[in-house]
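Below, chains carry the letters A, B, ... as their sequence lines are ordered, and counting in each starts from 1.
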There are 2 protein chains.
Amino acid sequence: MSIRDARKQQSHQALLDAVLQLCTAGRSFSSLSLREVAREVGLAPTAFYRHFPDMEHLGLELVDQAALHLKKVLYQLSAAALQQPQHTVEHTLQLFFQAVDAYPPAWIFIIAERWGGCALVRQAIEREINFLIEDCIYNLKQHAATQALPCKEREALGHLLIQLAQNWAMSWIHLAQYTDIVEAQQQRLILLEQSQTQLHLLFCGISHSTRQPIISA
Amino acid sequence: MSIRDARKQQSHQALLDAVLQLCTAGRSFSSLSLREVAREVGLAPTAFYRHFPDMEHLGLELVDQAALHLKKVLYQLSAAALQQPQHTVEHTLQLFFQAVDAYPPAWIFIIAERWGGCALVRQAIEREINFLIEDCIYNLKQHAATQALPCKEREALGHLLIQLAQNWAMSWIHLAQYTDIVEAQQQRLILLEQSQTQLHLLFCGISHSTRQPIISA
DNA sequence: TGTACATCAGTGAACGCGCGTTCACTGATGTAC
DNA sequence: TGTACATCAGTGAACGCGCGTTCACTGATGTAC
């Protein structure tokens, strides 16, 4: 790649990262202005057009990047669970929260803009979340604990898990905002335990429902 | 109430409703302008200040109104489940989706702005959702099926149910956007069945976990 | 009941500001010979 | 290798526009007598 191309790509990514940073700071994507993003990066507003036709297209590329990150995390989690079946629910959740901590902006952007003010971004995120759910269902089919589950139950579980993961991630990130670090750590421990309890409730239900047909509760 | 007071209250509510309508149409609260809201209602921009000091305060009042609506819905649902224990999971979920259909804007605003661009609104919504969770946990304590559950499990279940309800509501509303009404109805039926399956998975897990202590999955 | 004054929701002009977008430009980098 | 020209990321001035906010105002409604 030429010097010019490398520098262009650097600015390109800097614009994307600036939006992520502003969203991580609590701003909504649809309230960001092109000028604000350019200013954040240290470019003239007009330079923006060398990289994107408008903010909407930047948003769509951001969805791609963030969703790819999430996919990788979930893939690694399921790979770890498959290759080391002795892994407990506790350990898998710890790995999950570690991954969230490693790069919160991707989670924040996808989850906050899932119902955000930009229609195209919303649709792109919906598409990506559906892919995540499909991946999750596929992984459940490979995993010993959920292999025997009827197809309908496994699909419902996939949707539920991806939904739960979003909630866990956002709650987890949110707890970093406490000014008191000790308090934040305690709250995170509580969240970790609660998410473990939720998974336990679910998985005990699964092992139960595989033994007899599901009837009305 | 005097004529003047009644007219003032009418404009006041019209401003709140205009914001709800714009949010229901897919706009994010933080990208709305004071002028846009006033224009929607047919008022001069300056009249806005007779009702709210700024958009943020309007947002906070909207959180109160929408959260009150949600509280009522969930209260009626749990009351129905308590008074008519023959009610199945299927029936309760049908009532839930009916309630969502009866007034979608309240659900849309609370859920979409839960991670939206206005910090004060976000915090107010978090507070209200925590109240909903507390109510839910209290109701679980009254209900035969979850009475025997250990405290930690019941709390985790409360969080989980309120979270699930949000996801169900938003998915349900979202399915109304299909141009093909027949297709939309089919998709809603699928969502209804899937949410039923999710609850079944959970509740079978609960009945199982009350009989023996929970161990690692 | 009628009158005189007070209240106050809503108005319209005006302001300075940041916005998205256009345009002609600059100058470093790339390329052809 | 050196030279002459092409490319193109980034610039800065300029534009019209909608924004939030101020201010003095209007006129219907409320109130005191």
Would you tabulate the nitrogen or oxygen pairs shorter than 3.5 Å linking the protein to nucleotides 9-11 of chain C?
| from | atom 1 | to | atom 2 | distance (Å) |
| --- | --- | --- | --- | --- |
| C/dA9 | OP1 | B/K8 | NZ | 3.4 |
| C/dA9 | OP2 | B/K8 | NZ | 3.2 |
| C/dA9 | N7 | B/R50 | NE | 3.3 |
| C/dG10 | OP1 | B/S11 | OG | 2.5 |
| C/dG10 | OP2 | B/H51 | NE2 | 2.6 |
| C/dG10 | N7 | B/R50 | NE | 2.9 |
| C/dG10 | N7 | B/R50 | NH2 | 3.4 |
| C/dG10 | O6 | B/R50 | NH2 | 2.6 |
| C/dT11 | OP2 | B/A44 | N | 2.7 |

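Atom CD1 in A/I3 sits about 11 Å away from atom P in C/dT31, given to the nearest Å. D/dT21 atom P lies 14 Å from atom CZ of B/F52, rounded to whole Å. Distance, A/R35 CZ to D/dA14 C1': 10 Å, rounded to whole Å. Atom CD of B/E40 and atom C1' of D/dC19 are 17 Å apart (whole Å). The distance between atom CG of B/L34 and atom P of D/dT22, rounded to the nearest whole Å, is 11 Å. In this structure, CD of A/Q9 is placed 16 Å from P of D/dC8, rounded to the nearest angstrom.
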Query - Secondary-structure notation, DNA chain D, from Watson-Crick and G-U pairs under 3.5 angstrom (| other strand) - result: .||||||||||||||||||||||||||||||||

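The closest side-chain donor-acceptor pair between B/Q198 and B/W168 falls under 3.5 angstrom. In this model, no donor atom of one side chain and acceptor atom of the other lie less than 3.5 Å apart for A/Q94 and A/Q196.
Between A/W172 and A/F97, the ring planes are parallel. Angles under 30° get that label, and only those over 60° would be called perpendicular. Using the six-membered ring where Trp is involved, B/F109 and B/F29 have ring planes that are perpendicular, over 60° apart on the 30 and 60° scheme.
Residue B/S33 places no side-chain N or O under 4.0 Å from the OP1 or OP2 atom of D/dG18.
Within 6.0 Å of NE2 in B/H143 there are more than 12 heavy atoms belonging to other residues, nucleotides or ligands. Within 6.0 Å of atom NZ in B/K71, more than 12 heavy atoms from other residues, nucleotides or ligands are found, so the atom counts as buried in its surroundings.
Residue-level contact check: A/Y49 touches the bases, meaning some heavy atom is under 4.0 Å from a base atom.
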Requested in this report: In sequence, state the C-alpha distance, the side-chain angles, and the governing distance for A/D101 and A/R188, and then conclude on salt bridge (charged side-chain N to carboxylate O under 4.0 Å, His left out).
Outcome: CA-CA 12 Å; A/D101 263 339; A/R188 285 192 156 191; 3.0 Å; yes

Report task. With side-chain hydrogen bond (donor to acceptor under 3.5 Å, both in side chains) as the test, would you mind laying out the steps for A/E153 and B/Q194 before giving the verdict? Result -> CA-CA 8 Å; A/E153 274 71 23; B/Q194 185 172 271; over 6 Å; no

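In this structure, A/R39 and A/E36 have side chains that are in contact, with non-hydrogen atoms separated by less than 4.5 Å.
Closest-nucleotide positions on DNA chain D for B/P53 and B/M1 were compared, and the one nearer the 5' end corresponds to B/P53.
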